[in-house]
2 protein chains.
Amino acid sequence: MATSRAVVRQLHEQEHHDPVDCRAVGQVLDRIGDKWTVMVVGALSKGPMRFNAIMRFIGGVSHRMLTLTLRNLESDGLVTRTAYATIPPKVEYELSDLGRSLIEPLEVLATWAQHNRPAVEEARARFNARRTE
Amino acid sequence: MATSRAVVRQLHEQEHHDPVDCRAVGQVLDRIGDKWTVMVVGALSKGPMRFNAIMRFIGGVSHRMLTLTLRNLESDGLVTRTAYATIPPKVEYELSDLGRSLIEPLEVLATWAQHNRPAVEEARARFNARRTE
DNA sequence: CAGTATCCGATTGGATACTG
DNA sequence: CAGTATCCAATCGGATACTG
């Protein structure tokens with residue numbers, strides 16, 4: 001068993017071969033890790049959608065938060081916004097190429113979730129059982 | 001951390017079948033989407049580590065938040081905790097098999113981040129430029 | 001229909017002090 | 001060294017009301 005000092009030394013030597021680049025993942029999660037972003041990407045993964053359609057699709061998101069979420073996605077270039085000057089106004093949101101490129105990583109995550117949820121819930125149950133006994 | 005649970009329930013009631021399973025991704029992000037969890041997994045991806053070593057490795061995390069993060073990871077079965085009754089005490093954290101299985105999905109995300117960060121920052125700069133003009 | 005502005009309760013998380 | 005408890009500032013996000 002290595003001492004913690006040895007571990008730290010190893011980590012330092014390996015810092016250019018980081019198996020999980022924490023910073024990179026952290027930056028992504030800062031953007032998509034919030035309450036609604038992934039839901040929106042999921043909605044738009046099927047094709048362009050209007051504001052209220054997205055809202056109905058997701059369900060439970062407030063008007064305000066959907067606006068903010070879409071604005072962030074737009075500013076990051078993941079979503080494009082097209083406004084038609086009709087009355088009433090019509091605004092369509094659509095994933096950009098960049099946004100679509102995010103679907104695959106999310107699917108990998110979804111697969112992990114579906115495959116491992118039972119194990120996680122089992123672990124959680126065991127953990128709570130111990131705390132109660 | 002259990003913020004979008006209500007949303008997940010609603011989506012479940014709607015029986016949508018998505019290319020991106022929002023419920024599943026949402027559940028994962030509820031767990032790993034916070035500020036520190038991925039950092040801890042990244043630290044432990046190289047091997048067992050003691051509390052203060054993790055803290056130094058991550059840098060910027062408070063004592064309190066590291067404790068909470070580790071406790072959550074432990075309760076989900078992603079991390080194991082081993083305490084040695086020595087003086088001073090020694091506690092080692094290590095990724096479980098389940099925790100290690102999460103590394104690959106995170107690497108996919110990290111790869112996406114590294115590959116697309118320039119595009120995202122460019123988009124953000126363009127967006128801000130428009131808002132200013 | 002889409003978007004903005006304001007208010008305010010709820011949650012987050014750092015700082016600090018204390019314990020075994 | 002590792003962990004817990006308390007306090008409190010900052011942020012988040014829903015509700016509501018208003019505009020083009």
Side-chain angles (χ1 to χ4, degrees), chain A residues 1 3-5 7-8 26 29-40 43-44 48-75 79-94 127 130-131, chain B residues 1-10 26 29-40 43-44 48-75 79-94 127 130-131:
Chain A
M1 188 72 71
T3 65
S4 63
R5 197 167 290 178
V7 172
V8 167
L29 291 181
D30 272 352
R31 280 290 142 178
I32 68 163
D34 65 281
K35 205 174 173 186
W36 303 114
T37 296
V38 167
M39 301 286 174
V40 172
L44 296 180
M49 222 167 169
R50 296 178 62 175
F51 185 90
N52 281 330
I54 300 171
M55 197 156 116
R56 281 191 302 274
F57 177 86
I58 293 180
V61 61
S62 69
H63 196 155
R64 180 178 171 275
M65 286 316 294
L66 182 55
T67 302
L68 290 176
T69 302
L70 286 167
R71 220 47 83 236
N72 280 332
L73 284 167
E74 191 193 353
S75 89
V79 160
T80 60
R81 176 182 181 277
T82 312
Y84 301 92
T86 56
I87 294 176
K90 173 179 165 182
V91 180
E92 274 200 340
Y93 292 93
E94 184 173 14
F127 189 81
R130 280 196 172 178
R131 297 212 40 140
Chain B
M1 247 177 208
T3 46
S4 61
R5 202 131 294 165
V7 176
V8 167
R9 196 164 52 242
Q10 281 171 356
L29 290 181
D30 271 354
R31 282 289 143 180
I32 68 161
D34 65 280
K35 205 175 172 186
W36 303 113
T37 296
V38 167
M39 301 288 175
V40 172
L44 296 180
M49 221 166 168
R50 296 178 62 173
F51 186 91
N52 281 330
I54 300 172
M55 198 156 115
R56 282 190 302 272
F57 178 86
I58 293 180
V61 62
S62 69
H63 196 154
R64 180 178 171 273
M65 287 316 294
L66 183 55
T67 302
L68 291 175
T69 302
L70 286 167
R71 221 45 85 238
N72 281 331
L73 284 166
E74 191 193 352
S75 90
V79 160
T80 60
R81 176 183 181 277
T82 312
Y84 302 91
T86 56
I87 294 174
K90 172 179 166 182
V91 181
E92 275 201 340
Y93 292 93
E94 185 173 14
F127 188 82
R130 279 194 175 172
R131 299 219 40 143

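Keep in mind it's a predicted model, so treat the numbers as computed, not measured. Order of the sequence lines sets the chain letters (A, B, ...), proteins ahead of strands, with each chain counted from 1.
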With a cut-off of 3.5 Å and sequence neighbours excluded, list every side-chain donor-acceptor pair involving residues 58-68 of chain A.
from    : atom 1 : to      : atom 2 : distance (Å)
A/Ser62 : OG     : A/Met65 : N      : 3.2
A/Thr67 : OG1    : A/His63 : O      : 3.0

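- Between the CZ atom in B/Arg81 and the CG atom in B/Leu73 there is a gap of 13.5 Å [rounded to 0.5 Å].
- In this structure, B/Ser62 and A/Glu92 both approach DNA chain C, and ranking their closest nucleotides by distance from the 5' end singles out A/Glu92.
- Per the geometry, CG belonging to A/Asp34 stands 7 Å off P belonging to D/dG13, to the nearest Å.
- Looking at A/Asn72 and A/Thr37, their side chains never come closer than 4.5 Å, going by heavy atoms from C-beta outward.
- Between the side chain of B/His63 and the base of D/dG3, a donor-acceptor pair under 3.5 Å is found.
- OP1 or OP2 of C/dG14 sits under 4.0 Å from a side-chain N or O of B/Trp36.
- Checking the phosphate oxygens (OP1, OP2) of C/dG3, a side-chain nitrogen or oxygen of A/Arg71 falls inside 4.0 Å.
- With the 3.5 Å cutoff on both pairing distances, Watson-Crick and G-U pairs in DNA chain D assemble into runs of at least 3 at C:1-20 with D:1-20.
- With sequence neighbours left out, the ring-ring contact (aromatic ring centres under 6.0 Å, His included) criterion links B/Tyr93 to no other residue.
- C/dG3 atom P lies 7 Å from atom CG of A/Leu70, rounded to whole Å.
- For the pair B/Arg50 and D/dA2, the criterion of a side-chain N or O lying under 4.0 Å from OP1 or OP2 is met.
- We find that NZ of A/Lys35 is positioned 9 Å from C1' of D/dC12, with the value rounded to whole Å.
- For the pair B/Leu70/B/Glu74, no side-chain contact is recorded, criterion being any heavy-atom separation below 4.5 Å from C-beta on.
- We find that CE of B/Met49 is positioned 15 Å from C1' of D/dA2, with the value rounded to whole Å.
- A/Ser75 and A/Arg31 make their closest contact through OG-NH1, 4.4 Å (heavy atoms, listed as atom of the first residue, atom of the second, distance).
- Atom-to-atom, CE of B/Met55 to C1' of D/dA2 comes out at 10 Å; the value is rounded to the nearest Å.
- Counting heavy atoms from C-beta on, the side chains of B/Phe57 and B/Met39 never come closer than 4.5 Å.
- Of the listed nucleotides (C/dG14, D/dG14, C/dA2), C/dA2 has the atom at the smallest distance from the side chain of A/Val91.
- Here the P atom of nucleotide D/dC1 and the CG atom of B/Leu66 are 14 Å apart, to the nearest Å.
- Phosphate contact (OP1/OP2 of C/dC1, side-chain N/O of A/Tyr93, threshold under 4.0 Å): absent.
- For B/Met65, the side-chain atoms get nearest to C/dG14 when compared with the rest of C/dA2, C/dT4, C/dG14.
- One can place NZ of B/Lys90 at 10 Å from P of D/dA2, the figure rounded to the nearest angstrom.
- The side chain of A/Arg64 places no N or O atom within less than 4.0 Å of a non-bridging phosphate oxygen (OP1 or OP2) of D/dT16.
- Atom-to-atom, CG of B/Leu68 to C1' of D/dG3 comes out at 11 Å; the value is rounded to the nearest Å.
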